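Let me begin by presenting the structure, written as structure tokens, before commenting on it.
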Amino acid sequence: MSSFELVVVADPEALATVAAQRVVAAIEGKERFRLALAGGSTPERLYAKLAADARIDWSVVELFWGDERLVAADHEHSNYRMVRRALLDHVEIPAENVHRIQGELPPTEAAEAYQRVLGATPLDMVLLGMGGDGHTASLFPGQTDGRGVVVTESPVPPTGRVSLALDVINASREAMFLVAGSGKAERLAQVYAQLQDESQIQGEPRLPAAMVRPQRLSWLVDEAAAEKLPRGGGE
Ligand code: 6PG
């Protein structure tokens with residue numbers, strides 16, 4: 001069973017601070033850094049911190065998205081729009097380094113176009129969140145098959161999604177989860193138990209978030225999300 005790191009921090013602000021420190025450290029000194037961003041709301045604070053961190057040489061960063069909703073780039077639910085407002089509008093990053101998923105295209109076209117841009121070079125870091133159902137990126141329970149870039153169906157709107165598949169995420173050098181809030185506590189405890197025990201827990205399907213097993217795996221969680229973890233969590 002490969003190990004993983006669990007870091008419990010006080011609150012969402014601390015989560016963003018610790019995550020930003022790790023992203024900055026990972027980029028430092030690199031000539032090229034392929035970074036896939038998480039969507040949703042948790043990482044917004046992190047992206048704002050990265051935008052304000054003058055140590056980052058954005059010219060070496062190739063930005064990708066772990067997943068996208070099949071909506072226009074200026075739609076309120078677009079992950080690209082969230083990142084543009086929190087990060088891209090505030091940093092000097094070459095346009096050719098920003099590889100958004102074209103959510104305005106028909107699903108298969110969007111996935112195929114993104115697969116071409118992504119290529120086969122492993123990602124250096126993948127930032128991920130975890131949904132209340134244990135999904136990550138847009139890999140929902142029962143929708144974890146496929147390779148490369150896949151089209152999935154979210155149980156909550158916007159339903160059409162394009163996502164990195166598990167093989168791409170697990171081929172990355174490192175994946176870092178950011179999870180905050182007591183609403184995630186129950187599910188996080190379940191994922192944590194599954195991460196501890198590679199074997200199939202009796203009758204319990206493995207949750208997508210527990211299937212993420214890259215070379216290096218870290219879970220950054222706040223106290224509220226960690227409240228149901230075994231005391232002293234961490235590997
Ligand atoms: C998305 C994300 C998704 C997200 C989780 C957690 O497109 O919504 O990729 O996987 O990370 O649903 O979302 P929150 O951070 O909003 O709780």
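Ligands are counted one by one from 1 in listed order, and the atoms in each one are counted from 1 as well. Note that the structure is predicted; figures quoted are calculated from it, not measured.
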Is the contact between M130 and ligand 1 made by the side chain, the backbone, both, or neither, using heavy atoms and a 4.0 Å cut-off? backbone
Would a 4.5 Å heavy-atom cut-off, applied to side chains only, mark L127 and F177 as touching? no
Which residue and non-hydrogen atom of the protein lie closest to atom 9 (O) of ligand 1, and at what distance in Å? D67 OD1, 2.6 Å
Applying the 4.5 Å side-chain criterion to the ILVMFWY set and letting contacts propagate, would L46 and L35 be lumped into a single cluster? yes
I need the contact type for S41 against ligand 1. Using non-hydrogen atoms and a strict under-4.0 Å cut-off, is it side chain, backbone, both or neither? both
With no hydrogens and no angle check, just 3.5 Å: does a side-chain donor-acceptor pair link D67 and S138? yes
Ligand 1-proximal atoms of T42, by part, heavy-atom distance under 4.0 Å: both
Report the part of A137 in contact with ligand 1, treating N, CA, C, O as backbone and CB onward as side chain, heavy atoms under 4.0 Å; options are side chain, backbone, both, neither. backbone
For atom 13 (O) of ligand 1, what's the nearest protein heavy-atom neighbour? Residue, atom name and distance, please. G40 CA, 4.0 Å
Is any N or O atom of T136, backbone or side chain, closer than 3.5 Å to an N or O atom of ligand 1? no
Qualifying residue, where the test is side-chain contact (heavy atoms from CB on, under 4.5 Å) with T42 and the options are L15, L128, D222, V179: L15
Charged N-O contact under 4.0 Å between K49 and E13: yes
Can you report which non-hydrogen protein atom sits closest to atom 8 (O) of ligand 1, along with the distance? R69 NH2, 2.7 Å
Residue-level breakdown please: for L128 versus ligand 1, do any non-hydrogen atoms fall below 4.0 Å on the side chain, on the backbone, on both, or on neither? neither
Distance check, rounded to the nearest 0.5 Å: F64 atom CZ versus S172 atom OG? 12.5 Å
Give the residue, atom name and distance (to 0.1 Å) of the protein heavy atom nearest atom 5 (C) of ligand 1. H135 NE2, 3.6 Å
Quick one: CZ on R32 to OG1 on T121, what's the gap to the nearest 0.5 Å? 11.0 Å
Nearest to atom 11 (O) of ligand 1, what protein heavy atom do you find, and at what distance? G129 CA, 3.3 Å
Centroid-to-centroid, Y192 to F4, below 6.0 Å? yes
Between Q102 and E109, do the side chains contain a donor N or O and an acceptor N or O under 3.5 Å apart? no
Ligand 1 atoms nearer than 4.0 angstrom to some heavy atom of N79 are 1 (C), 7 (O)
Using heavy atoms and a 4.0 Å limit, tell me yes or no: is G66 in contact with ligand 1? no
Proximity flag K184 to ligand 1, non-hydrogen atoms under 4.0 Å: yes
